[in-house]
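The block underneath contains the structure these notes are about, expressed in structure tokens.
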Amino acid sequence: MEENVGRGRHGKPSNANASARRELAANRPAKRGRSKQQGPIPARGTHDAEAGGSRTRTRSRLGQAQNAAEDDDFDADQFLNQDAEYGEPEEPQPDEPQIEEPQQPPRRRPQQRPRQPRRDAANEGYGGGPSDMSLLTQYGNHRAVLIWDAEPDDHEVLKRTLRCQASGKKVMDIVKPPRSERWFWDPIEASGLEPLTRVNFSVLDYGVIWAFVERWHPETSTFHLPLGELGITLDDVQCLLHLPIQGKFLNHTKMSRGEGADMVSSYLGVEREDIDKAFAETNGVHLKHTTLQTLYTTNQTSAERAIAENKPAHVVRLYRERSVRAFMLHLVCCTIFSNKSSYYADVVYLQYFQDLSCVHEWNWGVAALVHLQHYLDHGSAVSTTQMAGYMSFLQGWIIAHFPRLSVWVEAPRYTANMPLNSKVVPGQGHKDAAGYRSSLDNIQTYDCVFSPYDAHRQVRPLINACLFSGWLRCGKLKAKHLPERVLRQFQHVQGIPRNSSMSATPGMNLCEIDRVFTEELELRMIDEEMRGRPVTSPWDTEPGYMSWFYRVSHPVMRPVEAPESPPRPPNLEVLIEAAEARNDPNLMQVCRSVKVEVERAVRDGEAVEGTPIHGTLQRILNLLNPILAYRRIKRGKGTRYHTRG
């Protein structure tokens, strides 16, 4: 009887067990281990997808809150049913009055934001975006859609900042031996990686970087601007960074912890116990940047001690090679392979430094470009909040092609034979991308330097690899290189390019990509016919190119409206009469000619409505109309005055 109290009362179920369940749920022991249902898995960077590393252990507060909420979904009823057995319910007692338990108020479900209806791009199109979806097939997932549709006061979208992970300053801060220490600098210079010690920036303009990331499109691997397409090419790599763009593609695959531990032990001289501890701290086959810096300096110290103790030469050489390997791994992981973790390096790249005499055989320039494009692809997605890759390289590219857009000064110690990235020192600029976004929406042709390397050709001439059209790859990552879409960067008139699938065949496997670049490089170059004629002006395009580009792309990120006619200047009559008294040239005839030409350009559709050029032409007409109208009125009054005389 006592065991079944609250089980049933007068034939009706009782809520007595409800309080017991709540008490048990409140006093239950904490769950051990991870919950089976986790929150959304964070985006995996290069160190996960390409280098074979595991997910970082750092979790956001939001993720912790989600896990705590999931732990609260404890099934107390199931717990009670498993741990207790109940008998049959009692018969109802006639002499006991029926007492109804108060009903618990229903729980209110949290209000959810109404789901936005999916846009029918085929019928509705995108505001400011492509009306022809044949090129940007994934435009619906691009952040440009959100930016265009945002209200002017929607600061959550328009003022959103991108967190950029950059580690180039670590390379600048690490103490390096003097140039006279040839045991160190000879293998560094022979590897082709020595320029990476010169081309990094301690300060980055994250606002301008963010403004360009939101204009990147993975379908074309280019930035889409009101001027047309611009891209980061192998020519940019060799001129800005002086990295080799010829040689074998890096071909690493995922590495197990055992393989990584063997490599670190053999080539860096670390004890196995310390390696296992380091891997556990980073939750993968990684070494912290601080660990590599320690290995770099301690092996130098060990080599100096060995020299002082007159130990054999091979012992000294062993310590020095370990020091060089640690420095090289730290160097490439803070620059070329910079990832979203910002504090550790992937051990998988250590395999390229086993034999220090063979490091130059690998194509480090392609590796830098592929990794940067990989992160640009992810950064342009609407849900991305973080950007990685070689940020100093991207900043240098922006300064080289748009020198008037951001703040920078010339480096005082630059010489002509150094990489062009080491020529400038950028300022911090504006962290907010909105100002740069507006500047790019209203950019003019003279604001862009399409071919900035003419004076540097004596140091880095244009070679065949720069004109290769097809796939590039580094490990399991691959990226498109399509110079035919940015011919003005090679001083040729830009026409409507061919479909990118004709250059970068979809589904091409990694071995075939290697073979094409190695054996068919000259066959895959854009030939003279495809390049077309040389430019007369740097911004020259073939007739119809800009009209086509505005149909298939979204050159403007925010709506542009032509302003109303400006107010009539109060001293307009005085200005005209003063000009006549000075016997100036016939400016009215010039104004009429300009008006006729502008009206013809607008009428023939040479400037697409809604673009910055169209708005500029409308403003010119608004300025000319009151001047010409006043001239006609004044001439009429003068005629009547003379007839009276």
Side-chain angles (χ1 to χ4, degrees), residues 147 155 158-174 195-216 223 225-227 230-232 236-237 239-243 331 334-336 338 340 342 368 372 375-376 379-380 385-416 418-453 455-456 557-558:
I147 294 172
H155 300 302
L158 300 180
K159 300 289 185 179
R160 187 181 182 183
T161 57
L162 178 71
R163 189 167 53 142
C164 299
Q165 299 292 351
S167 302
K169 190 175 184 298
K170 297 178 182 178
V171 177
M172 302 175 65
D173 293 341
I174 192 171
L196 292 178
T197 64
R198 304 171 179 263
V199 295
N200 301 292
F201 302 139
S202 59
V203 176
L204 295 172
D205 190 344
Y206 293 114
V208 74
I209 290 176
W210 182 221
F212 274 89
V213 171
E214 64 189 23
R215 292 177 180 271
W216 177 266
F223 300 103
L225 299 158
L227 306 174
L230 276 87
I232 308 175
D236 294 302
V237 175
C239 292
L240 292 173
L241 304 181
H242 280 196
L243 289 179
L331 178 65
C334 288
T335 54
I336 296 175
S338 179
K340 292 183 179 180
S342 76
L372 180 57
Y375 280 112
L376 285 170
S380 62
T385 60
Q386 199 174 11
M387 177 68 186
Y390 199 177
M391 292 291 97
S392 294
F393 176 34
L394 180 55
Q395 177 83 72
W397 183 90
I398 295 172
I399 293 175
H401 289 275
F402 301 90
R404 305 167 65 174
L405 185 61
S406 59
V407 180
W408 58 274
V409 296
E410 290 191 4
R413 299 183 180 180
Y414 174 77
T415 58
M418 295 172 63
L420 288 178
N421 230 45
S422 59
K423 184 179 181 180
V424 298
V425 179
Q428 189 159 356
H430 307 288
K431 294 183 179 180
D432 182 14
Y436 293 113
R437 184 185 301 132
S438 177
S439 298
L440 291 176
D441 279 348
N442 294 278
I443 197 169
Q444 303 299 320
T445 53
Y446 51 78
D447 293 324
C448 176
V449 181
F450 289 92
S451 179
Y453 310 128
H456 202 63
M557 298 295 293
R558 293 289 296 162

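Atoms considered below: every heavy atom in the structure, side chains included; atoms not considered: hydrogens, waters and symmetry mates. Just so we're clear, the structure is a prediction, and the values are computed from it rather than from any experiment.
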Taking the side chain as C-beta and beyond, is there a heavy-atom pair between [X] and [Y] under 4.5 Å?
X    : Y    : value
D205 : W408 : no
V199 : Y390 : yes
M557 : L440 : no
L420 : Y414 : yes
M172 : T197 : no
K169 : V203 : no
L240 : Y453 : yes

Counting only pairs under 3.5 Å, give me each side-chain donor-acceptor contact of residues 206-214, with atom names and distances, residues two or more places apart or in other chains.
{"from": "W210", "atom 1": "NE1", "to": "R160", "atom 2": "O", "distance (Å)": "2.7"}
{"from": "E214", "atom 1": "OE1", "to": "R437", "atom 2": "NH2", "distance (Å)": "3.3"}
{"from": "E214", "atom 1": "OE2", "to": "R437", "atom 2": "NE", "distance (Å)": "2.6"}

Please set out all donor-acceptor pairs under 3.5 angstrom arising from side-chain atoms of residues 399-406, sequence neighbours excluded.
{"from": "H401", "atom 1": "ND1", "to": "V449", "atom 2": "O", "distance (Å)": "3.0"}
{"from": "H401", "atom 1": "NE2", "to": "D236", "atom 2": "OD1", "distance (Å)": "3.1"}
{"from": "H401", "atom 1": "NE2", "to": "W397", "atom 2": "NE1", "distance (Å)": "3.2"}

*So, D447 side chain and Q444 main chain: donor-acceptor pair closer than 3.5 Å or not?*
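Looks like yes, one N/O pair under 3.5 Å.
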*Measure across N421 and S392 and return the closest heavy-atom pair with its distance rounded to 0.1 Å.*
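For N421 and S392, the tightest heavy-atom pair comes out as ND2-O, 3.2 Å.
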*Who passes side-chain hydrogen bond (donor to acceptor under 3.5 Å, both in side chains) against T385, sequence neighbours left out?*
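side-chain hydrogen bond (donor to acceptor under 3.5 Å, both in side chains) list for T385, sorted by chain: empty.
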